[in-house]
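Before any comments, here is the structure.
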Amino acid sequence: MSESNPESTPEIKSTDRQEQPTAVLRETVPMNALREFFGRAYSSVMAAVQQQHVQLAGPPFALYRGMPTDVVDVEAGFPLAAPFPGGDGGVVAGVLPGGRALEAMHVGPYETLPETYGKVMARMQAEGLTPGDTMWEYYLSDPGTEPDPSAWKTLIVWPVG
């Protein structure tokens, strides 16, 4: 059981996003294998981006297509300052779509992300918005340098119609 803490209630805001080029590794992954996939994806993408001399334009992210079940269609990588020309090891050019989205800052361990997603969905329903078929998370904290999961920050972005 978790206690309700007003400080942990995420601020949810509406924003208009610009399309963002990315370099990603995309796979269909069992939910219990996401951590391994992310480790492999971020190292592969970083190597490909450095090889192509393309500048990063933000923190690592994961984009999810459709609602996750026991498996998820996911791409993980980095936003870029310019379109990615292509790379090795399955790393491909991608894009984070532009348009209206709801954003929420999640603070805490990854295991509690569903609570923040639930609050974003409630806001969509309250405003009569239609959720997009993709959503993504920017990982603003590095677990390697911030060992306390309660301090991890993840920005959720969910396009709406």
Side-chain angles (χ1 to χ4, degrees), residues 10-111 113-114 116-117 120-121 124 129-147 149 151-161:
E11 177 187 353
I12 301 170
K13 63 181 185 176
S14 180
T15 183
D16 283 314
R17 301 195 57 87
Q18 297 297 313
E19 188 172 274
Q20 176 76 55
T22 64
V24 298
L25 188 64
R26 179 178 176 185
E27 293 181 12
T28 300
V29 180
M31 289 296 282
N32 63 5
L34 273 176
R35 188 178 303 259
E36 181 276 330
F37 168 72
F38 287 152
R40 187 166 39 85
Y42 296 133
S43 63
S44 295
V45 171
M46 184 61 76
V49 165
Q50 289 173 342
Q51 183 181 35
Q52 296 291 337
H53 304 289
V54 180
Q55 183 179 357
L56 298 182
F61 74 92
L63 181 140
Y64 300 92
R65 298 178 184 282
M67 290 302 290
T69 57
D70 55 338
V71 297
V72 62
D73 180 355
V74 61
E75 56 186 54
F78 292 89
L80 303 175
F84 185 65
D88 297 328
V91 177
V92 298
V95 67
L96 294 174
R100 184 170 179 209
L102 293 183
E103 293 183 353
M105 182 65 70
H106 172 82
V107 179
Y110 300 137
E111 292 77 20
L113 277 163
T116 302
Y117 274 104
V120 174
M121 289 177 69
M124 284 182 202
L129 300 171
T130 303
D133 59 357
T134 62
M135 66 208 69
W136 62 93
E137 301 166 355
Y138 288 107
Y139 303 109
L140 306 179
S141 301
D142 178 355
T145 58
E146 174 51 72
W152 293 350
K153 292 184 178 181
T154 306
L155 179 64
I156 295 172
V157 180
W158 199 337
V160 294

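- Ring geometry, Y138 versus W136: the interplanar angle exceeds 60°, so the pair is classed perpendicular (tilted spans 30 to 60°).
- Residues E137 and Y117 bring a donor and an acceptor atom of their side chains to less than 3.5 Å of each other.
- Note that OH of Y110 and OG of S141 are 6.5 Å apart. Values are rounded to the nearest 0.5 Å.
- Atom NE2 of H106 and atom CG of L140 lie 11.5 Å apart (nearest 0.5 Å).
- Between R26 and V92 there is no side-chain heavy-atom pair separated by less than 4.5 Å.
- When side chains are defined from C-beta on, F84 does not count as touching V45, because their heavy atoms never get closer than 4.5 Å.
- For the residue pair P59 and P79, the shortest heavy atom distance occurs at O-CD, 3.1 Å.
- Around the CZ atom of R35, the shell of radius 6.0 Å holds no more than 12 heavy atoms that belong to other residues, nucleotides or ligands.
- Atom-to-atom distance recorded for W158:CH2 and T116:OG1 is 12.0 Å, nearest 0.5 angstrom.
- Closest of all the heavy-atom pairs between V49 and A23 is CG2-CB, 3.8 Å.
- Proximity of I156 to M135: side-chain heavy atoms (C-beta onward) are nowhere separated by under 4.5 Å.
- In this structure a side-chain-to-backbone donor-acceptor pair under 3.5 Å is missing from T22 to F78.
- T28 is not listed as a side-chain neighbour of V72, based on a closest heavy-atom distance of 4.5 Å or more.
- Across all non-hydrogen atoms, the minimal contact from A104 to V120 is CB-CG2, 3.7 Å.
- In terms of heavy-atom proximity, V157 sits nearest to A101 at CG1-CB, 3.9 Å.
- Note on ring orientation: taking the six-membered ring where Trp is involved, the planes of F38 and Y139 are tilted (angle from 30° to 60°).
- Rounded to the nearest 0.5 Å, atoms CD (Q50) and CG (L56) are 8.0 Å apart.
- In terms of heavy atoms, A57 sits closest to L80 at CB-C, 3.4 Å.
- Between T130 atom OG1 and M124 atom CE the span is 9.5 Å, to the nearest 0.5 Å.
- Annotation: side chain of R17 is not in contact with side chain of P97 (no heavy-atom distance under 4.5 Å).
- Between L63 and V24, every side-chain heavy-atom pair lies at or beyond the 4.5 Å cut-off.
- Atom OG1 of T134 is separated from atom CG of L96 by 8.5 Å, given to the nearest 0.5 angstrom.
- Two residues are said to be in side-chain contact when any heavy atoms from C-beta on lie closer than 4.5 Å; K153 and M105 meet this criterion.
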